[in-house]
Amino acid sequence: MKPLFEHITLLSHGKYTLPYCNCLLIEDDITCLVDSSPHPKEFLHLQDKKIGLIVNSHGHSDHNSCNHLFPQAKVLLHPAEHERVKSGEAYLTAYGYYLYPDEATRPLYLDAVQYHARPADGELHDGQIICTGQVEFEVVALPGHSIGHCGFLFPREGFVFTADINLDIKPIYAMLDSDVDDFLNSIERLRQLKPDMLVGGHGEAIMKENLEQRLKAYRDEILSREEKILKQVQSGVHNIPEIAEQGICFNGRFPEPRSVYYMHECVMDLKHLQRLERLGQVVCFEGKYYSR
Ligand SMILES: [Zn+2]
């Protein structure tokens, strides 16, 4: 727990531990939580709080798993993410569990990520201003990681809460509604905002130094993956499951559980190939990709 600004406290234990995230607690006329999956040690600080409002960056359970513990709170979320917080099946489908089946982990996945269905009560949209009393912040649509992924700009304090755009952690776009062009545009949008500080949803949270360079390096990581995937296709590997064996988006080494990260790799490779197809660099015939 670390006070950031007047009324605003960061709940972070400083490490990238799933299924938890860094959250903001705003203690104001309305007590507001920005994302709601703090590490259990940080959750202790919430136990006596009367949370009236929860603002979720997106519908992944490592950002909203405690929503159900605050039934009195109003939960706001981008409408494109509403379905997956209502239904576990929708959640699994959106992760590609039925496109790249992994029968072994599918029945275990929702428990492992501490999924609890809790419908949202209202919507978030780009440009929306949220006021809790003294504190005001603006919703900044930052899609790509998922279709309705949002950041939050605190103009008075000079920072953006970036959720799953984490410069210390490699970019992830592993939902069927993720999109590489959207992700690149969201990075560019953050660059344009020229914030003094970014607060990420995982790891050390506070990013202040060399933001311009680090955002560029983060973008280049995505472009470099795409080059490697294109080379695979050019060298005669045409099927996504075979391309994914290379683990290009995980630097050649899948974290455990391997089958889950292999599925994420399949979806991320698909996202790059869809972009390469739009760019006219590959064509798709019957699910196989060929260079032009
Ligand atoms: Zn996420």
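Read the numbers this way: they start at 1 and go in the same order the structure lists the ligands and their atoms. Any value given below was found using the heavy atoms of this structure, including those in side chains, with hydrogens, waters and symmetry copies removed.
Taking 2.8 Å as the criterion, H149 does not count as a coordinating residue of the Zn ion (ligand 1), since none of its N, O or S atoms falls below it.
Taking the Zn ion (ligand 1) as the corner point, the angle from H58 atom NE2 to H145 atom NE2 is about 100° (rounded to 10 degrees). The OD2 atom of D164, the Zn ion (ligand 1) and the ND1 atom of H60 define an angle of 170° (nearest 10 degrees).
For the pair N251 (side chain) and I248 (backbone), a donor-acceptor distance under 3.5 Å is absent.
Between F250 and F254, the two ring planes are tilted [angle within 30° to 60°].
Other residues, nucleotides and ligands contribute at most 12 non-hydrogen atoms within 6.0 Å of the CD atom of E209.
Smallest separation of non-hydrogen atoms from D29 and G133: OD2-CA, 3.4 Å.
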